[in-house]
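To start, the structure under review is shown below, and the notes come after it.
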Protein chains: 2
Amino acid sequence: MPAPERTSLEAVVTAGRAVLEADGVAGLTMQAVAARVGVRAPSLYKRVADRDHLVRLVAAATVEALGERLAAVPDSGDAVRDLAALAGALRAFARSAPAGYGLIFVPGPAAARPDREALARASAPVLRVAAALAGPADALPAARTVTAWAHGFITMELAGAFALGGDVDEAFAFGVRRLAAALAGPDAGAGAGGVSRPR
Amino acid sequence: MPAPERTSLEAVVTAGRAVLEADGVAGLTMQAVAARVGVRAPSLYKRVADRDHLVRLVAAATVEALGERLAAVPDSGDAVRDLAALAGALRAFARSAPAGYGLIFVPGPAAARPDREALARASAPVLRVAAALAGPADALPAARTVTAWAHGFITMELAGAFALGGDVDEAFAFGVRRLAAALAGPDAGAGAGGVSRPR
DNA sequence: CGACGAAGGCTAACGACCGTAGCCTTGTCG
DNA sequence: CGACAAGGCTACGGTCGTTAGCCTTCGTCG
């Protein structure tokens with residue numbers, strides 16, 4: 001290498017995540033990140049195309065971290081229990097890194113999406129449980145249903161949108177319970193193994 | 001009145017909504033809004049505290065509009081049908097004003113929330129259907145479950161997060177169907193209001 | 001009927017931030 | 001030992017948000 005690198009892309013992204021959680025998405029400026037890694041703002045452009053690119057990298061890293069958390073949820077064999085565990089893990093993750101979580105599903109050109117690959121990896125455990133509950137035929141829509149519910153719930157909770165009173169934790173548990181029943185239940189394609197693990 | 005007003009708060013907010021949908025939240029600048037109502041940027045500060053305030057007003061106006069759309073959904077007496085209609089209306093609204101929709105559930109201090117009142121009004125029809133399906137006792141968590149699901153689904157759809165293939169419309173219908181069954185179904189609190197739909 | 005004052009608009013200007021241009025430093029390798 | 005490429009830096013231009021201070025307009029009241 002020609003000249004000594006005083007930082008690295010990885011360090012920049014890590015710093016970006018830290019700044020993001022500390023000061024929110026508006027505080028995620030080139031200067032703040034640069035300062036944190038010990039260089040001046042313009043130097044970041046040697047590693048990143050522009051601020052938007054940096055934000056996308058931070059979002060991708062967050063998805064990656066989320067995927068690891070979800071993958072770490074043990075497979076108990078009881079699909080209902082696993083569903084609850086996954087939902088809980090997602091919620092815990094969102095609470096531990098709310099600003100980053102808010103970056104995961106941001107509208108925009110598909111090209112700007114965080115790695116398809118990372119996203120697929122993160123959804124794998126959910127797909128597994130969905131398949132166990134609703135049968136392979138309905139696994140995809142079932143996974144989409146639970147994912148949408150969990151994501152929506154978490155977003156609204158973080159936004160403070162549950163303002164009508166009532167116990168929010170209870171509502172979360174209620175949702176998990178009913179969803180599990182709904183997916184395993186009705187005309188459920190291959191209700192077969194259903195709740196307790198088909199294979 | 002001392003001097004002739006060349007615009008009004010209402011006009012500013014309306015212009016803000018238009019700019020928002022045209023150029024995205026990043027394009028919602030004081031200058032753009034000012035130009036659209038025919039004044040210079042600094043003049044907006046006579047009606048609005050700062051950009052953040054303007055954004056919140058735009059969000060509130062969007063919630064208001066959403067509430068009207070939901071209230072316009074007819075009450076057929078069949079809770080399952082009504083649930084589908086409400087979900088469909090919400091999705092249609094989000095598609096007609098995606099940028100504005102994205103402003104509704106933004107994390108932040110509760111004080112910054114769009115009018116509690118407007119939000120409550122917008123949720124009224126959902127609460128009604130939820131009560132009919134799950135019984136009065138579980139109405140609130142049931143409403144939260146469907147709202148969270150619908151919101152999450154729409155957000156993910158707008159974000160282009162359903163990248164694993166499959167039919168998204170079908171997944172939406174699947175979700176409505178299963179949720180309706182789940183809320184009406186299991187240990188469902190009270191058959192009280194009940195689902196008029198036999199199975 | 002004329003002066004006053006308040007509301008509302010405008011220009012000027014500051015500071016924060018993104019992004020570009022161009023230069024300097026520092027290893028590496030022929 | 002000297003070229004060169006990568007990486008960092010300073011200087012700068014442009015866009016925005018926001019504030020300060022001035023001017024215009026008119027309803028009001030002496």
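Here is how names work: the chains are called A, B, and so on, in the same order as the sequence lines, proteins then strands, and each is numbered from 1. We use all heavy atoms of the structure for the numbers below, so side chains are in, but hydrogens, waters and symmetry mates are not.
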Open item on the list: Using 0.5 Å steps for rounding, measure from the CG atom of A:Leu133 to the CZ atom of A:Arg128.
Closed with: 10.0 Å
Send over the distance from [X] [atom1] to [N] [atom2], rounded to a whole Å.
{"X": "B:Glu5", "N": "C:dG9", "atom1": "CD", "atom2": "P", "value": "7 Å"}
{"X": "A:Asp50", "N": "D:dT15", "atom1": "CG", "atom2": "P", "value": "17 Å"}
{"X": "A:Asp52", "N": "C:dC18", "atom1": "CG", "atom2": "P", "value": "12 Å"}
{"X": "B:Lys46", "N": "D:dT18", "atom1": "NZ", "atom2": "C1'", "value": "13 Å"}
{"X": "B:Arg47", "N": "D:dT18", "atom1": "CZ", "atom2": "C1'", "value": "18 Å"}

- [ ] Give, ordered by number, those residues of residues 16-45 of chain A having at least one heavy-atom distance below 4.0 Å to an atom of DNA chain D; if nothing qualifies, reply none.
- [x] A:Val39, A:Arg40, A:Pro42, A:Ser43
- [ ] Mind telling me whether A:His151 and B:His151 have parallel, tilted or perpendicular rings, with 30° and 60° as the class edges?
- [x] parallel
Open item on the list: Between A:Glu157 and A:Arg91 (salt bridge meaning N to carboxylate O under 4.0 Å), is one present in this structure?
Closed with: yes
TODO: For A:Ser123 and A:Val126, indicate whether the former's side chain and the latter's backbone hold a donor-acceptor pair under 3.5 Å.
DONE: no
Open item on the list: Classify B:Ser8 by what it touches in the nucleic acid, base, sugar-phosphate, or nothing, heavy-atom distance under 4.0 Å.
Closed with: nothing
Determine all donor-acceptor pairs shorter than 3.5 Å in which one atom belongs to a side chain in residues 32-42 of chain A; sequence neighbours excluded.
none

- [ ] Answer yes if the side chains of B:His53 and B:Tyr45 hold a donor-acceptor pair under 3.5 Å, and no otherwise.
- [x] no
Task: Phosphate OP1/OP2 of D:dG8: any A:Arg6 side-chain N/O under 4.0 Å - done: no
